[in-house]
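So you know, we letter chains A, B, ... as the sequences are listed, proteins then strands, and number each from 1.
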Amino acid sequence: MAMSAIRAAATGRMTSQGGLRGMLYSTISSGLPFAPPQVNQANKEPPADPSPNLFVSGLSKRTTTEGLHAAFAKFGEVVHARVVTDRNSGFSKGFGFVRYANVEEAEAGIKGMDGQFLDGWVIFAEYARPRPVPGQGQFGNTYGQRQ
DNA sequence: CCTGAGCGT
């Protein structure tokens with residue numbers, strides 16, 4: 001019904017998956033105080049390779065790791081979840097990462113939480129990109145890599 | 001911490 005319209009507008013997938021990410025804000029208003037970041041709908045960029053690692057964006061500044069974990073735990077076993085916060089101040093950057101125990105759960109988590117409301121903001125969930133790598137990094141710690 | 005886009009301490 002009405003939710004389907006919001007769902008479609010939130011995900012922006014409709015028929016084909018365009019590469020639009022940042023497009024929605026907290027409220028769907030007719031007049032935005034500032035112009036939208038991008039209107040590039042001809043961008044053909046594949047989301048990412050299927051992995052248990054999830055990249056969640058569009059989070060509220062008040063959303064924390066616990067809220068993210070609790071939200072995604074409903075669709076699968078969340079091994080680890082983290083909301084990326086600024087190292088200098090410690091405030092949320094507005095996005096985070098969620099790692100499921102399996103890729104199927106990750107897919108279920110995406111389909112379950114992508115375009116949904118969390119803390120009053122529409123969040124976007126997609127597969128996270130593989131990190132440069134391990135061992136020779138800056139921290140040299142086994143924080144979290146691909147399985 | 002605001003303008004919010006974006007792939008991590």
Side-chain angles (χ1 to χ4, degrees), chain A residues 6-14 16-73 75-147:
Chain A
I6 303 181
R7 165 70 178 182
T11 51
R13 285 180 177 177
M14 290 188 287
S16 60
Q17 186 172 9
L20 60 162
R21 296 175 177 172
M23 184 176 170
L24 271 183
Y25 305 93
S26 179
T27 3
I28 305 178
S29 305
S30 303
L32 295 174
F34 48 90
Q38 276 188 344
V39 283
N40 188 6
Q41 53 185 356
N43 188 7
K44 293 187 277 294
E45 180 179 286
D49 299 290
S51 54
N53 228 10
L54 256 58
F55 171 70
V56 187
S57 51
L59 295 177
S60 174
K61 300 279 176 94
R62 292 163 287 203
T63 305
T64 177
T65 309
E66 296 176 336
L68 194 72
H69 183 278
F72 278 79
F75 299 92
E77 180 181 352
V78 179
V79 180
H80 188 214
R82 160 175 293 183
V83 173
V84 179
T85 50
D86 185 79
R87 186 181 63 91
N88 306 105
S89 303
F91 291 110
S92 306
K93 289 184 178 179
F95 60 94
F97 293 89
V98 175
R99 169 168 291 193
Y100 279 96
N102 202 355
V103 189
E104 358 181 285
E105 293 182 338
E107 183 180 359
I110 293 180
K111 293 181 179 180
M113 288 303 300
D114 184 35
Q116 297 301 331
F117 281 85
L118 183 59
D119 236 323
W121 286 79
V122 182
I123 67 177
F124 295 92
E126 56 181 300
Y127 297 107
R129 298 172 180 172
R131 279 209 122 185
V133 104
Q136 301 174 346
Q138 304 161 348
F139 299 92
N141 190 6
T142 54
Y143 218 83
Q145 299 297 336
R146 57 170 70 178
Q147 62 180 18

In this structure, how many angstroms lie between the P atom of B:dC7 and the CZ atom of A:Arg99, rounded?
18 Å

Under 4.0 Å, counting only non-hydrogen atoms across every strand here, what does A:Ser60 touch: a base, just sugar-phosphate, or nothing?
base

Length of the line joining A:Asp119:CG and B:dG4:C1', which is rounded to integer Å
14 Å

Let me confirm one number: the CD-CZ distance from A:Gln116 to A:Phe124, rounded to the nearest 0.5 Å.
11.0 Å

Stacking here means centres under 5.5 Å and planes under 30°; does A:Trp121 stack on B:dG4?
yes

What is the distance, rounded to the nearest whole Å, between atom CZ of A:Phe95 and atom P of B:dG6?
10 Å

For atom P, what is the distance between B:dG6 and B:dC1, given to the nearest Å?
23 Å

What integer number of Å spans the P atoms of B:dG8 and B:dT3?
23 Å

Under 4.5 Å between any side-chain heavy atoms of A:Asp49 and A:Tyr127, yes or no?
no

As a test of understanding, state which of A:Val83, A:Ile110, A:Leu68 forms a side chain to side chain contact (heavy atoms under 4.5 Å, CB included) with A:Val98.
A:Leu68

Sugar-phosphate, base or nothing in reach of A:Gly58, heavy atoms under 4.0 Å
base

Nearest whole Å is fine: how far is B:dA5 P from A:Glu126 CD?
16 Å

Contact under 4.0 Å: A:Lys93 side-chain N or O vs B:dT9 OP1/OP2
yes

Over how many whole Å does the gap from A:Lys61 atom NZ to B:dG4 atom P extend?
5 Å

Judged by atom type as modelled, is there a donor-acceptor pair below 3.5 Å linking the side chain of A:Asp119 to the main-chain atoms of A:Trp121?
no

Applying a 4.0 Å non-hydrogen cut-off, can you work out what A:Ser89 is touching in the nucleic acid: base, sugar-phosphate, or nothing?
base

Is the distance from OP1 or OP2 of B:dG8 to the nearest side-chain N or O of A:Arg131 less than 4.0 Å?
yes

Check whether A:Tyr100 reaches the backbone of A:Phe72 with its side chain - one donor and one acceptor, N or O, closer than 3.5 Å.
yes

First of A:Arg62 and A:Val98 reached from the 5' end of DNA chain B, by closest nucleotide
A:Arg62

Whole-Å distance between B:dC7 P and A:Phe124 CZ?
15 Å

If you only use heavy atoms from C-beta on, which nucleotide in B:dT9, B:dC7, B:dC1 is closest to the side chain of A:Phe91?
B:dC1

Distance, rounded to the nearest Å, where A:Leu59 contributes CG and B:dC7 contributes C1'
12 Å

Separation of B:dC7 P from A:Asn53 CG (nearest whole Å):
15 Å

What does A:Ile123 touch in the nucleic acid at a heavy-atom separation under 4.0 angstrom: a base, only the sugar-phosphate, or nothing?
nothing

